[in-house]
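Everything on this sheet refers to the single structure shown next.
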Amino acid sequence: MRTRRMTIEGAWEVTPRLHADDRGMFTEWYRFDRLAEAVGHPLRLAQANLSVSRRDVVRGIHFADVPPGQAKYVTCVRGAVLDVVVDLRVGSPTYGHWESTRLDDTDRRAVYLAEGLGHGFRALTDDATVSYLCSQPYDPAHEHTVHPFDPELAVDWGAVAPVLSPRDEAAPSLAEARAAGLLPDYRACRAAMDQGSSLD
């Protein structure tokens, strides 16, 4: 598998090697050791999620309080999505920046994002099925969202008629979330990543 450091610190794109023959295809879409070698610490697995979305559904931008935060390893097992990572860490050199990657059932890429980063995606196909491996269990009291169409972020989702959940539709802007003290602190996120390194 190949790993590519994305422009936002703590985010990586992972491209697995595909083995195809007349029976079909096989791939190692997640390798604990290879990911740990690339990002500098192991991904502690505490929960696995699966979502199915129809075309033009936009989910996100979601993030968790740090500590403990929630690192994620995300792939699309059916269809295709435009996966988006957003730097929501106050004090980060790339605060407010975003980067997108196409995840689909052809190349089988995945994205790893560290604690404190925001995550969302747009379904490019019907029945787009996304799998998430998470470092912490879901805790609604410590989970937040920033509006995916906040003009300050200006994420290019490419959706003509996006479909959002009521929660995401009512989400605060980046500035509102920061004023309310909801956004993670960059130094706390670095400490969470360093703590992950100590688990080696």
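FYI, side chains are in, hydrogens and waters are out, and symmetry mates aren't considered; it's all heavy atoms of this structure. Residue numbers count from 1 along this sequence.
Taken to the nearest 0.5 Å, the CZ atom of R44 stands 13.0 Å off from the CG atom of L133. To the nearest 0.5 Å, the span separating OG1 on T94 from CD on E99 amounts to 9.5 Å. The distance from atom CZ of R55 to atom CZ of R122, rounded to the nearest 0.5 Å, is 8.0 Å. Distance check: M1 CE to R108 CZ gives 15.0 Å after rounding to the nearest 0.5 Å. Residue I61 holds its CD1 atom at 6.5 Å from CG of L88, rounded to the nearest 0.5 Å.
No single ILVMFWY cluster, assembled from side-chain heavy atoms under 4.5 Å apart, contains both F149 and V163. With hydrophobic clusters built from ILVMFWY side chains whose heavy atoms lie under 4.5 angstrom apart, V85 does not share a cluster with W98. Cluster membership check: L45 does not share its hydrophobic cluster with V111, using side-chain heavy-atom separations under 4.5 Å among Ile, Leu, Val, Met, Phe, Trp and Tyr.
A side-chain donor from one of D168 and T145 sits under 3.5 Å from a side-chain acceptor of the other.
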Checklist entry - Are N49 and C134 close enough, and set up right, to give a side chain to side chain contact (heavy atoms under 4.5 Å, CB included), and what steps lead you there? => result CA-CA 8 Å; N49 302 326; C134 304; 3.6 Å; yes

Checklist entry - Does the pair R5 and T3 meet the rule for a side chain to side chain contact (heavy atoms under 4.5 Å, CB included), with working shown? => result CA-CA 7 Å; R5 190 189 301 263; T3 57; over 6 Å; no

Next on the checklist: Does E9 form a salt bridge (Lys or Arg N to Asp or Glu O under 4.0 Å) with R190? I'd like the steps, not just the answer.
Outcome noted: CA-CA 10 Å; E9 178 189 8; R190 289 300 306 266; 3.0 Å; yes

Next on the checklist: Does D87 form a side-chain hydrogen bond (donor to acceptor under 3.5 Å, both in side chains) with S92? I'd like the steps, not just the answer.
Outcome noted: CA-CA 8 Å; D87 194 346; S92 167; 2.5 Å; yes

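With hydrogens and angles disregarded, a donor-acceptor distance shorter than 3.5 Å links the side chain of T27 to the backbone of R17. Although no hydrogens or angles enter the test, the distance criterion places a donor-acceptor pair under 3.5 Å between the side chain of D105 and the main chain of G79. Distance alone, capped at 3.5 Å, is enough to place a donor-acceptor pair between the S135 side chain and the A71 backbone. With E176 contributing its side chain and S173 its backbone, the two residues share a donor-acceptor pair below 3.5 Å. Checking side-chain atoms of Q70 against main-chain N and O of Q136 turns up a donor-acceptor pair under 3.5 Å. At distances below 3.5 Å, not a single donor-acceptor pair connects side-chain atoms of W12 with backbone N or O atoms of L113.
Residues satisfying the salt bridge (Lys or Arg N to Asp or Glu O under 4.0 Å) test with D127, not counting sequence neighbours, are R78. In this view, D107 and R109 satisfy the side-chain hydrogen bond (donor to acceptor under 3.5 Å, both in side chains) rule, not counting sequence neighbours.
Nearest approach of A110 to T75, heavy atoms of both residues: CB-CB, 4.0 Å. Nearest heavy atom pair, residue S53 against residue R59, reads OG-NE, 2.7 Å. Here the closest heavy-atom approach between residue V84 and residue W157 is recorded as CG2-CZ3, 3.5 Å. Here the shortest heavy-atom pairing between A159 and D56 reads CB-OD1, 4.0 Å. Residue C189 comes nearest to G116 through the heavy atom pair SG-CA, 3.6 Å, listed as atom of the first residue, atom of the second, then distance. The shortest non-hydrogen separation linking L164 to P148 is CD2-CG, 3.6 Å.
Ring geometry for Y30 against Y73 counts as perpendicular: the plane angle is over 60°, on a 0 to 90° scale with 30° as the lower cut.
Taking a 6.0 Å sphere around CD of Q47, one finds it holds more than 12 heavy atoms contributed by other residues, nucleotides or ligands. By the 6.0 Å contact criterion, CZ on R4 is enclosed, its count of non-hydrogen atoms from other residues, nucleotides or ligands being greater than 12. Other residues, nucleotides and ligands contribute over 12 non-hydrogen atoms within 6.0 Å of the CZ atom of R31.
Of the candidates L117, L183, V66, D185, L117 is the only one forming a side-chain contact (heavy atoms from CB on, under 4.5 Å) with R89.
Residues in residues 108-148 take part in these ring-ring contact (aromatic ring centres under 6.0 Å, His included) pairs, two or more places apart or across chains: F63-H144.
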